**Q** 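Sharing a structure here in structure tokens format.
All of these numbers come straight from a predicted model, not from anything done at the bench. The basis for the numbers below is simple: all heavy atoms, side chains too, and nothing from hydrogens, waters or symmetry mates.
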Amino acid sequence: MARIKFASDFDKSVLLNNFENRGWIQVSPEDDWNFYWAGVHNIRNVFSVDSGFRLQDDQFINHFPNHVELTRKDLMVKNIKRYRKDLEKEGNPMAEKDETGRFIHLDFIPQTFMLPADYNLFVEEFRKNPNTTWIMKPCGKARGIGIFLVNKLSQLKKWSRDGKGNSFTPPSAKETYVISKYIDNPLLIGGKKFDLRLYVLVTSFRPLKAYMYKLGFCRFCTVKYNASLNELDNMFVHLTNVSIQKQGDDYNAIHGGKWTVQNLRLFLESTRGKEVSDKLFDDINWQTIHSLKAVTGVVSNDRHCFECYGYDIIIDDNLKPWLIEVNASPSLAATTSSDRIMKYRLISDVVNIVIPPGEAPDVRWNKIPDKENLGNFDLLYDEELANADQGAQDVRGAKPGLPNPAMRGGLRDVKRGSQATWK
């Protein structure tokens with residue numbers, strides 16, 4: 001078998017060491033590669049009609065052409081809202097609402113508006129609950145850049161007038177922002193706020209095939225949480241982004257303010273009980289699948305593509321998870337030695353799923369890899385398997401749209417089916 005050629009837009013050791021340890025040969029992105037770990041900015045060029053570039057059956061690339069449908073804050077929200085509305089129109093039981101008009105099964109993103117487009121709608125909502133805090137984020141930025149909190153309309157008016165109404169100066173009031181209801185009752189551990197970074201690998205959107213990485217982690221703020229209005233400008237209290245926290249005086253470079261998901265689970269099982277902890281992680285899997293399903297109709301499903309997304313989730317003190325955003329190129333920089341090991345494993349496991357060991361790169365191969373090649377990934381959802389399950393349920397007369405809890409694994413909740421086939 002010919003040696004695999006790889007190209008990379010990054011000189012990160014977790015990537016290069018992985019590829020070189022497999023005996024792969026590095027070539028330039030302009031050369032004839034089999035595997036290209038590209039920066040998001042180069043994806044457009046690869047898939048642009050003008051480039052005249054046509055990918056062959058032995059070429060894989062690490063982004064879908066229009067991944068922004070999931071990874072841009074405003075587009076993600078727009079697509080999830082549309083998905084819920086479509087299910088509602090179909091009369092699908094998953095789109096059921098309670099008496100207040102809240103989705104019972106699909107309420108997993110904080111209430112969000114686009115600015116400036118939804119300004120009047122936002123003002124109307126703000127006036128209903130004037131004591132609420134909102135968080136404002138520029139759509140096209142990452143790593144906590146340009147984010148600020150507001151609890152008065154005057155702050156927003158000042159921002160839109162001159163863009164200087166806060167310590168994080170937005171570059172331009174014309175840029176699109178999302179403004180979301182701030183989760184002001186986050187689950188605290190040791191008095192500190194944290195979020196979850198989970199890695200989700202998608203190898204196909206149609207049919208949907210997704211994998212969840214077991215070695216996600218929590219990112220903690222360095223300063224104890226305080227909902228006081230005086231602290232609205234203190235980003236060490238409110239934002240968990242490592243790029244912000246590591247500038248703080250209390251940042252610990254040994255553990256990097258991080259905790260493994262396993263530690264979180266053990267902590268929750270011992271303080272809240274196993275049943276609620278299991279339900280929390282079921283809920284996270286459930287909302288991850290539905291966030292992906294919300295974009296299956298709009299993402300260009302090119303079979304040369306796969307993508308490893310960084311999901312950011314905040315858990316509130318009722319143990320309800322909220323999807324905050326999805327990152328197309330989660331950081332591969334390592335802040336600690338355990339971070340470096342985890343990210344090396346992550347890349348290794350991604351590659352083993354995309355190109356199973358001993359196999360030649362071939363985009364026509366679209367099966368689920370053998371269990372030993374999944375590494376630390378679990379199969380989260382396989383649409384083909386799900387459809388086969390649904391057919392079996394229909395024969396038995398189960399309610400359409402909602403998986404039958406009696407099916408393999410019998411999860412506690414009627415809205416859940418077996419893992420890998422959750423509808």
**Q** Determine whether the aromatic ring centres of W134 and F122 lie less than 6.0 Å apart.
**A**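 Ring centroids of W134 and F122 are less than 6.0 Å from each other.
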**Q** More than 12 heavy atoms of other residues, nucleotides or ligands under 6.0 Å from NZ of K343: yes or no?
**A** yes
**Q** Should D349 and R345 count as an ion pair when the cut-off is N to O under 4.0 Å?
**A**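 Salt bridge between D349 and R345, a charged N being under 4.0 Å from a carboxylate O: no.
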**Q** If we ignore angles and hydrogens, is there a donor and acceptor under 3.5 Å between the side chains of Y177 and K73?
**A**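 Side chains of Y177 and K73: no pair found under 3.5 Å.
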**Q** If you compare all heavy atoms of M76 against all heavy atoms of I324, which two are closest, and at what distance to 0.1 Å?
**A**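 Here M76 and I324 meet closest at CE-O, 3.8 Å.
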**Q** Less than 4.5 Å apart, any side-chain heavy atom of C308 and any of Y213?
**A** no
**Q** Under 4.5 Å between any side-chain heavy atoms of P186 and D317, yes or no?
**A**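 With C-beta onward as the side chain, the pair stays apart.
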**Q** Under 6.0 Å from the CZ atom of R44, do we count more than 12 heavy atoms belonging to anything else shown?
**A**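 At most 12 heavy atoms, drawn from other residues, nucleotides or ligands, come within 6.0 Å of this atom.
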**Q** On the six-membered ring of F220, is K192 placed so that its NZ or CZ lies under 6.0 angstrom from the centre and within 45° of the ring axis?
**A** no
**Q** More than 12 heavy atoms of other residues, nucleotides or ligands under 6.0 Å from NZ of K81: yes or no?
**A**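 It does: K81 NZ has more than 12 such atoms within range.
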**Q** For the pair E383 and R206, find out whether any cationic side-chain nitrogen is under 4.0 Å from an anionic carboxylate oxygen.
**A**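 Answer for the salt bridge query: no.
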**Q** Taking A328's backbone N and O only, do any of them form a donor-acceptor pair with T71's side chain (distance below 3.5 Å, no angle check)?
**A**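 Judged by distance alone, no pair lies under 3.5 Å.
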**Q** Donor-acceptor check, side chain of S348 to backbone of Y344, threshold 3.5 angstrom: yes or no?
**A**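 Not at all, since once roles are kept as given, no pair shorter than 3.5 Å links the two residues.
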**Q** Look up atom CZ in F217 and atom CG in N263, then write down how far apart they are to the nearest 0.5 Å.
**A** 13.5 Å
**Q** Compare all side-chain heavy atoms of L75 with those of V295 and state whether any distance is below 4.5 angstrom.
**A**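 A side-chain contact is absent here, since even the closest heavy-atom pair is not under 4.5 Å.
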**Q** Using the rule side-chain contact (heavy atoms from CB on, under 4.5 Å), only one of T288, D195, I284 pairs with Y311; which is it?
**A**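 Answer to the side-chain contact (heavy atoms from CB on, under 4.5 Å) test with Y311 among T288, D195, I284: T288.
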**Q** So, do T260 and L215 sit near enough that their side-chain heavy atoms are less than 4.5 Å apart?
**A** no
**Q** Taking all heavy atoms of F194 and all of L187, pick out the closest pair and write down the distance.
**A**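 Heavy atoms of F194 and L187 come nearest at CE2-O, 3.4 Å.
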**Q** Taking C-beta and beyond as the side chain, do L332 and I347 meet within less than 4.5 Å on heavy atoms?
**A**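 A side-chain contact exists here, since the closest heavy-atom pair is under 4.5 Å.
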**Q** Does R84 use its side chain to pair, donor to acceptor, with the backbone of F103 at less than 3.5 Å?
**A** no
**Q** Is the closest basic N to carboxylate O distance between E88 and K97 below 4.0 Å?
**A**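 Yes, this pair counts.
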**Q** Can you find a heavy atom in the side chain of F10 that is under 4.5 Å from one in the side chain of W37?
**A**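 Yes; the side chains approach each other to less than 4.5 Å.
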**Q** Output the distance between atom OG1 (T133) and atom CG (N129), rounded to the nearest 0.5 Å.
**A**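 Atom-to-atom, T133:OG1 and N129:CG are 11.5 Å apart.
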**Q** How far does CD of E124 sit from OH of Y119, to the nearest 0.5 angstrom?
**A**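 Between E124 CD and Y119 OH, I get 13.0 Å after rounding to 0.5 Å.
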**Q** With no hydrogens and no angle check, is any side-chain donor or acceptor of D370 less than 3.5 Å from a backbone partner on E372?
**A**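 Pair absent, no side-chain N/O of D370 close to backbone of E372.
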**Q** Heavy atoms only: give me the nearest L208-L292 pair and the separation to one decimal.
**A** CD2-CB, 4.0 Å
**Q** Is it true that D312 and R197 have a side-chain N and a carboxylate O under 4.0 angstrom from each other?
**A** yes
**Q** Quick one: are the ring centres of Y199 and Y309 less than 6.0 Å apart?
**A** no
**Q** Can you see whether F281 has R265 sitting over its ring - NZ or CZ less than 6.0 Å from the centre and within 45° of the normal?
**A**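 Yes, a cation-pi geometry.
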**Q** Dump the intermediate steps for side-chain contact (heavy atoms from CB on, under 4.5 Å) on H304 and Q56, then the final yes or no.
**A** CA-CA 8 Å; H304 302 90; Q56 304 302 309; 5.8 Å; no
**Q** Do T176 and L115 touch side chain to side chain, with heavy atoms closer than 4.5 Å?
**A**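 No - every pair of side-chain heavy atoms lies 4.5 Å or more apart.
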**Q** Donor-acceptor pair, N327 side chain versus G310 backbone, under 3.5 Å?
**A**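 Such a contact is found between N327 side chain and G310 backbone.
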**Q** Pairing donors with acceptors under 3.5 angstrom, does anything connect the side chains of N34 and Q59?
**A**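 There is no such pair (donor and acceptor under 3.5 Å, judged by atom type) between the side chains of N34 and Q59.
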**Q** Does atom CG of D11 have more than 12 heavy-atom neighbours, drawn from other residues, nucleotides or ligands, at distances under 6.0 Å?
**A** no
**Q** Classify the ring geometry between F377 and Y211 as parallel (under 30°), tilted (30 to 60°) or perpendicular (over 60°).
**A**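 Ring orientation of F377 relative to Y211: perpendicular.
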**Q** Do N66 and I43 make a side-chain contact, defined as non-hydrogen atoms from C-beta onward lying under 4.5 Å apart?
**A** no
**Q** I'd like to know whether R22 forms a side-chain contact (heavy atoms from CB on, under 4.5 Å) with V351, so could you lay out the CA-CA distance, the side-chain angles of the two residues, the decisive distance to 0.1 Å, and finally the verdict.
**A** CA-CA 10 Å; R22 291 166 185 267; V351 175; 3.5 Å; yes
**Q** What are the two closest non-hydrogen atoms of A38 and N62, and how far apart are they?
**A**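 Where A38 meets N62 most closely, the heavy atoms are N-OD1, 2.7 Å.
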**Q** Who pairs with T112 by side chain to side chain donor-acceptor pair (under 3.5 Å), at least two apart in sequence or on another chain?
**A**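 T112: side chain to side chain donor-acceptor pair (under 3.5 Å) contacts with S180.
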**Q** If I take atom NE2 from residue H290 and atom CG from residue L323, how far apart are they, to the nearest 0.5 angstrom?
**A** 13.0 Å
**Q** Just do the side-chain contact (heavy atoms from CB on, under 4.5 Å) check on V299 and H67 with the steps written out, would you?
**A** CA-CA 6 Å; V299 168; H67 60 81; over 6 Å; no
**Q** Using atom types as modelled and distance alone, determine if a side-chain donor or acceptor of D9 lies under 3.5 Å from a backbone N or O of G39.
**A**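 Confirmed, D9 side chain pairs with G39 backbone.
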**Q** Just by modelled atom types, is the E384 backbone N or O under 3.5 Å from a matching donor or acceptor in the D382 side chain?
**A**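 Yes; judged by distance alone, with no hydrogens or angles, the pair exists.
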**Q** Would a distance-only check, ignoring hydrogens and angles, find a side-chain to backbone donor-acceptor pair under 3.5 Å from E307 to F64?
**A** yes
**Q** Could you verify whether a donor N or O on one side chain and an acceptor N or O on the other, from S300 and D302, lie under 3.5 Å apart?
**A**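 Their side chains do not contain a donor-acceptor pair, so the 3.5 Å distance test is not met.
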**Q** To the nearest 0.5 Å, what is the distance between CZ (F126) and NZ (K152)?
**A**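 These two atoms lie 8.5 Å from each other.
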**Q** Should K320 and D316 count as an ion pair when the cut-off is N to O under 4.0 Å?
**A**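 Result for this pair is no, no salt bridge flagged.
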**Q** Are F35 and W24 near enough that their ring centres are under 6.0 Å apart?
**A** yes
**Q** Assess, by modelled atom type and distance only, whether the side chains of N352 and N373 contain a donor and an acceptor separated by less than 3.5 Å.
**A** no
**Q** At what distance, to the nearest 0.5 angstrom, does NZ of K5 lie from CG of D58?
**A** 8.5 Å
**Q** Considering all heavy atoms of both residues, which atom of M136 and which atom of I179 are nearest to each other, and what is their separation?
**A**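 Looking at all heavy atoms of both residues, the closest pair is SD-CD1, 3.6 Å.
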**Q** For H105, does its backbone N or O pair with a side-chain atom of W286 as donor and acceptor, under 3.5 Å?
**A** yes
**Q** Check this for me, if you would: do D74 and K78 make a salt bridge, where the nitrogen-to-carboxylate-oxygen distance has to be below 4.0 angstrom?
**A** no
**Q** For a quick test of reading the model, state the closest non-hydrogen atom pair linking A386 to Y381 and the distance between them.
**A**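 Nearest pair, atom of A386 first, then Y381: CB-OH, 3.5 Å.
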**Q** Dump the intermediate steps for side-chain contact (heavy atoms from CB on, under 4.5 Å) on T132 and N151, then the final yes or no.
**A** CA-CA 6 Å; T132 310; N151 63 344; over 6 Å; no
